[in-house]
> 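Got a structure for you, written out below as C-alpha cells; questions coming shortly.
Letters A, B, ... are given to chains in the order of the sequence lines, protein chains preceding strands, and every chain is numbered from 1.
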Amino acid sequence: MIGGLFIYNHKGEVLISRVYRDDIGRNAVDAFRVNVIHARQQVRSPVTNIARTSFFHVKRSNIWLAAVTKQNVNAAMVFEFLYKMCDVMTAYFGKISEENIKNNFVLIYELLDEILDFGYPQNSETGALKTFITQTGIKSQSKEEQSQITSQVTGQIGWRREGIKYRRNELFLDVLESVNLLMSPQGQVLSAHVSGRVVMKSYLSGMPECKFGMNDKIVIDKQGKGGASEEAAAGKSDLGGSGGGGGKQSIAIDDCTFHQCVRLSKFDAERSISFIPPDGECELMRYRTTKDIILPFRVIPLVREVGRTKLEVKVVIKSNFKPSLLAQKIEVRIPTPLNTSGVQVICMKGKAKYKASENAIVWKIKRMAGMKESQISAEIELLPTNDKKKWARPPISMNFEVPFAPSGLKVRYLKVFEPKLNYSDHDVIKWVRYIGRSGIYETRC
Amino acid sequence: MPAVSKGDGMRGLAVFISDIRNCKSKEAEIKRINKELANIRSKFKGDKALDGYSKKKYVCKLLFIFLLGHDIDFGHMEAVNLLSSNKYTEKQIGYLFISVLVNSNSELIRLINNAIKNDLSSRNPTFMCLALHCIANVGSREMAEAFAGEIPRILVAGDTMDSVKQSAALCLLRLYKASPDLVLMGEWTSRVVHLLNDQHMGVVTAAISLITCLSSKNPDEFKTCVSLAVSRLSRIVSSASTDLQDYTYYFVPAPWLSCKLLRLLQCYPPPEDGAVKGRLVECLETILNKAQEPPKSKKVQHSNAKNAILFEAISLIIHYDSEPNLLVRACNQLGQFLQHRETNLRYLALESMCTLASSEFSHEAVKTHIETVINALKTERDVSVRQRAADLLYAMCDRSNAKQIVAEMLSYLETADYSIREEMVLKVAILAEKYAVDYSWYVDTILNLIRIAGDYVSEEVWYRVIQIVINRDDVQGYAAKTVFEALQAPACHENMVKVGGYILGEFGNLIAGDPRSSPLVQFNLLHSKFHLCSVPTRALLLSAYIKFINLFPETKATIQEVLRSDSQIRNSDVELQQRAVEYLKLSSIASTDVLATVLEEMPPFPERESSILAKLKKKKGPGAVTVELEDGKERGELNGGGDRGGDAAIAASNASTPSPSADLLGLRSTAPVSGTTPSAGSLLVDVFSEAGPSATSAGVNDDGFLSSAPPTVASEDPAPPLPESDELLNKFVCKNNGVLFENQLLQIGIKSEYRQNLGRMYLFYGNKTSVQFVSFNTTVSCPGELQSQLNVQTKTVEPLVEGGAQVQQVINIECLTDFIDAPLLNIKFRYGGALQNISLKLPVTINKFFQPTEMAAADFFQRWKQLSQPQQEAQKIFKASHGMDTEVLKAKLLGLGTALLENVDPNPENYVCAGVIQTKAQQVGCLLRLEPNAQAQMYRLTLRSSKDTVSQRVCDLLAEQF
C-alpha cells in the first residue's frame, strides 16, 4: 500500500508531503529529490527503487508527484491513483502548477486525507468529493443533507446521490481516441495502435439504468448467430457515427477497462455494458485496439544530402479519410541536424517555421479536408564540423485532430431506463461526438 | 594587462548567461541553448565576415555552453582565428577556448602551433605569456615537440621580461613532466641554474620549481645549484622582513621561495665545500632561532608561513643527518609543538619526530619527550594524530624504555580505534620481542596482547610466540604455567586457545608436577574450549591431544575416548575426521617408543627474519624501511626462531615442493624410525600411506606438528649448479647488470645495486617461448657456511609465467661477514609438462661490498706498510687472457668497486686501488696493486687487506678478469 505521497516543484522543493505509514522515514523525501529530480542523468523509469523503497512518480508540467512505498504494491494501481489524483486536483483548481498548489495546499491535504486512508485508495470520484470537500469553507449543512451524504458515501452506489431532477434529460457521449504510429520511410507500418476512451456527461433525473452498445466484434458475432431481430432493433437505434473508413462493421478491442459504475459481472457474463451513471461527467470506459486502424494521414519524406553543407528535405502529407470531413490543428515537425546554420522553407499550405530551440521545422496547417495532399520543401544549410558523428535522423512527427474514431468504433445505442420516474428512452436527448487525435505519430526519414 | 575598453563588455553574453540562470527547468535551458547554438551557427556560416568583437562574443558563449556540459562541435576555427587578433581580450578568449576544448589530436593543432609561434616571437610580453600559458595548459606531446627547443631560449634570454620568464619556467616544467624525453636542457643547464641569482623573486620562485624537478631526475648536471641556492636562502633568511616588499607575506620574507629552496637542497647530500656548508648551517640556525622569536602578528597566516619554513628546514636537517647540534635543536623545537593548540602542528611535529628518532644523533633527544607523546596517545582527540603518536612511540623505543612504552601501548590498545588496532598489535609484538631481556616478560606481554585485543592478533604474532618459546628452554616452563593460568579465564580468545593448545601439547609435562595442573586437569581445561573453536583450532587441539598421549600415558584412555566419540570420528569436516581417525589408530597401534619418536618435541626453528616485521612492512609500505634498517642492527640480540608462518605460506603456494622448512616440521622423521625398528616402522608407513594426501595438507595447516612424508620425487630436488655457472660468476665480478643466463626457454637478466653491506638484486625471468611456464618457483640457498656469512631474502614470484612475459624478483642481500662461495639460485618450472630444473650461482661476490676510498700517495704507502704481515698479502702472477688496453683495465678496476688512485705508484704503468669491504661484522680495508708487463703479456697482482681470507678471495676473483 502507498506509504506516502509527495509533491515537488521543478527545483525539488517539497510542496506537499503526506506520510501514511510509519515505515516511510523523513529521509525518503530527500532520497527521491537526490536520486531522481536532481539525478545527473535523467531518470526515465517512472518507478525508482532507492534503499528498498519504491518511488512511483508522474510529472505534470513542472510538478512532480511521487508515491512512495516499502511494500510490494501493484504498480498499475499506484499510477492509476496518481492520475486520478491529478484529475481531482485539476477538477478542483484547474491547471496543476506550483502557484496553484501553494494556494490550495489546505485543500490538497484535505483531499489526500479523503482519498487515501492508511495508504489504501478510497472514493476518488470528483463529483462525490465535491459534495463534501469544498473550497468555500465550511458550509453549514442541514442534517438531512448530511445524512444524505453519509448514505451516499457509505451506500452501494457511492457515485450518485438520490433525488436528482432535471427538466430536460440530456446526455453527451464523447469518443476520444489517440492514434500512435511508427512508419518506415517506405510507408510500411512498423507499429500502430489506438488508445481510446468514452467520456459521458449525463444530466438525467433519478437513478437511471443505462445500457451502452458499440460495434464490438464479439457482441456483433454473437448477435449474428443469436437472431436478426435484435440486430434490427440495434440498427434502428444506431445513433449514427460517421466513420472515415466506411464499411467496417465491427472492431476487435484488445483490452478495455470501465468506470466503477459499470456492472462487471454482467459484462463478463453477457458482454453488455450496463450501469447507473454518476451525475455529470465521467469516463465510462477505456480501450485499446491494434487491428485495422484507419491512419488519417500518411507522411512521405524525402531527404537528400547535397554535399557536406546542404540538405534538401521534401515532405508530402496525404489525408486518408472521407473528403467531407475536416482535420484540424495539423502540425508536422521535421527535425533538423544539430549543425544547421540556416533554413529556407517553401510550403503550399499553412505556415512553416524553423524553430532553432527545438531543432526542428514546424509546419502548421489549420484545416485540411480528406483525400487531399500537401507538401513542404526545405533547404537546410549545414555548418561543416570536425565531428565525424553522423546525424541520427530522428523521425518526423505529426499532430492532428480528426472528427472520427480511427479505430472504427461506433456507438450503436445507449438506452436509458428509469422505472420510478416516468420518462422513457425516447425522451432523453442524446449527443455523440467522435474525436481522433494523434498520439505519437511518427514516420522515419 | 591592457585596460578593458568599454566595448568589451559583451552584453549579449551577459544576457545569455542571465537567461540560462533564469531557466525554470532543464528543458527550458536546453531550448535556450539550442536557440543560441543555432544563432551562432548561422553567424559562423561564413557568408559574411564577422568582426573580432562578435567572434569573441560567440566563442565565449560556446565556451560557456561547453562548460555547462553540452557538446560543442564547431567554432574551433573561429577560436583559432581569434589568436591572430591584435587585441588582448580577443586573443585571450581564443587561447582560453583552445586550452579548454581542443584535444591534442585535433587537426587544428598545426594552425594553433603556428599562431603560438608567432606570439612567442612577438616582442609583446603579454602575448608571449598567453602563448606560454596555452602551451602549458594543453601540454600535449605535439606541443612539446614543437616548442621544447624554443622555450628554454626564451627562459634564459637576457632581454626577456620577468613575467615572461616566470611563465616560461613553469611552462617548461609542465612540458618536462608531460614528456621528459623531449625536453633536453643540455647547453641551457648552467644558465637555468643561474636564474637562482635573478633579481626578480618571482622568476626565482618559478625557476626553482623547474630546477627541483630537473635535478631530481639528473642531480649531477644541476649540482652547481646547491651553492647558489644556499646563498639565495641565506640572503632571504637574513633579510629584514621589510626588504623584500612584495614578497613579504605577513612579516615572513618570501616563505614560498624559502620552502622551495629548502626542498631543492633536500635533493642533494650536504655540500662538501666548507664555506657553503657553514653558510647553510648558519641559515638553518637562523630559521630555528626565528621560530623561537615571539610572533610578529597574531594572524594565522603569519604562523603558518613561519612554520612551513621551519618544517622544511627540519626535513633538511633530518635529510643531512650530520649535524648533531641542529638535530637536537630541531627536536627541541618539535617538542614545543607537541603541545601546541593547533592539531595540524601536533601532527606534523609527531611525524617529523618519527624520522628524527631514527637518527642516532637525535634519538636520545627524542626520547626526552616520551611523556608528552604518551600523553598525546591517551588524550588526543584526532585519530590521525594518535596514530602518529603510536608511530613515534614505536620509533623511539629502545632497550631503556621498552617496558614503559610497551605497557603504555598495551593499555592504550584497550581503547584504541579499530582502524589502527591491528597495526598497534603488530608493533607491540615486535617491540616486546626486540627488546625482551627477560623472556617471561615477553610471554606475559604477548599473552596480555591476545587477551586484550585477540581479534586483532594476526596469525604471525602467535606463530612468533610459539617459535620463541620453542627455541628458548628457559622460558618453556614459565610459558606453560602462564598459558595454563590464562586459559582458566571463563572466556578466552581463540588465539589464546591456539597458543595454549600448542604450548601445553609441547611442554605440558613441565607443569604436570603440580596437582593443580595435573595432566588430566590440563586436558580437561583444553577440551572445555574445544567446542567453542573454529575448525583449524580444533584440528590443532586434536594434535595437542595426541601429544598428550605421548607426554602422559595416563591420559590415553580419556583421550582415546574423546577421539572415538562420534563428534570427532564422524565429524563432517574432513580434516577433523581424518585427524581423529589417524590419531586414534596411531595411539592404539604404535608402541610407546614409536609414539615417542613420532610425537617428539618440536625441534628449534631456524633463525629468520621475524614474520611480524614483514607483515608490518607490508602494511605500512616503503615508509617502514628506516625501521627495518635499524632493526638490522638489533638483529644480534634477537634470540628468535624461524618463521613458521612463512613456511606455511611457501608450503601452501607449492605443496609438492619440499622447502627447507619441510624438515623442520619433521616430515622426514620416519626414515630413521624404519631403520631402527623395522616392524613398527612398516606399520607406521602403513598408517601414513593411508593418510598420505591429507598429511600433506596437515603440513599446510599451520599447526602440523605431526610428521609425515610427502611424496618426494628425485627430480624435484634442486639440480646441481650448471658447469658454466662459475664462468658466469666471473663475468659479473666487475659489473652489476647484464644477462646472467640464457637458453632456448628462459632468459635471466640481472640488475643489482649495493650500498655498504647491503645489496639489492633484481632478477628478471623472461619466458622466451610462447607457452606459459607453470609451477614456476625459484629458491635461493646459501650452501654450507655461507649461510652464516650472507643473509639472503627473496620475494616469491608468481607461479605462472605467461609466454613472452617477464617476471621480476627482488633479492635482498646482507653481508654479515666476508665469504667465498656464491649463493645458489635454483629455478624450477614446468614447460609443456616437462620439469625444468636449473641451478646457477648468483653473482654475489665479496668485492660487491667494496666502498671506494680516495687517498693520497703518502697515505697509501703508509697503510700498505702497515699491512705487511705475510698472511695479509696475496699475490698472483698470471698471463693476460685479454688485450692489455689501458682504458679497459681501468674500467674493470673501477667496476670492481675500488677507487682507482692516480699518481700514487711511481711507475705510471701500474695501477693502484683502495677500498673498504663493508660487512656487518667488520670493515676490511683493502689495497690493490696491478703491475702489467706488456712485453711478456703478464700481470702481477698484489692484494693486501686486514683479513687474509679477503685478500685471497679478491685476488682469485680478480685474476680471472684480465
> Checking B:Asp71 against chain A: side chain, backbone, both or neither under 4.5 Å from a heavy atom?
side chain
> Does CD in A:Glu99 sit with more than 12 non-hydrogen atoms of other residues, nucleotides or ligands closer than 6.0 Å?
no
> Identify which part of A:Asn339 has an atom lying under 4.5 Å from any heavy atom of chain B, answering side chain, backbone, both or neither.
both
> Give a yes or no on this: more than 12 heavy atoms of other residues, nucleotides or ligands lie within 6.0 Å of atom CD1 of A:Ile440.
no
> Do you know the tightest heavy-atom contact between A:Asn359 and B:Arg41?
OD1-NH2, 3.8 Å
> Is B:Glu36 in contact with chain A via its backbone, its side chain, both, or neither, using a 4.5 Å heavy-atom distance?
neither
> Measuring from B:Glu27:CD to A:Ser357:OG, what's the distance to the nearest 0.5 Å?
13.0 Å
> Tell me if the CZ atom of A:Arg444 is crowded by more than 12 foreign heavy atoms within 6.0 Å.
no
> If contact means a heavy atom pair closer than 4.5 Å, which residues of residues 340-349 of chain A contact chain B?
A:Thr340, A:Ser341, A:Gly342
> About how many Å separate CD1 of A:Ile37 and NZ of B:Lys26, when rounded to the nearest 0.5 Å?
14.0 Å
> Is the count of non-hydrogen atoms from other residues, nucleotides or ligands lying under 6.0 Å from A:Lys366 atom NZ greater than 12?
no
> Please check if the number of heavy atoms outside A:Tyr109 that lie under 6.0 Å from its OH is greater than 12.
yes
> Give me the atom names and distance for the closest heavy-atom approach of A:Leu383 to B:Phe44.
CD1-O, 3.5 Å
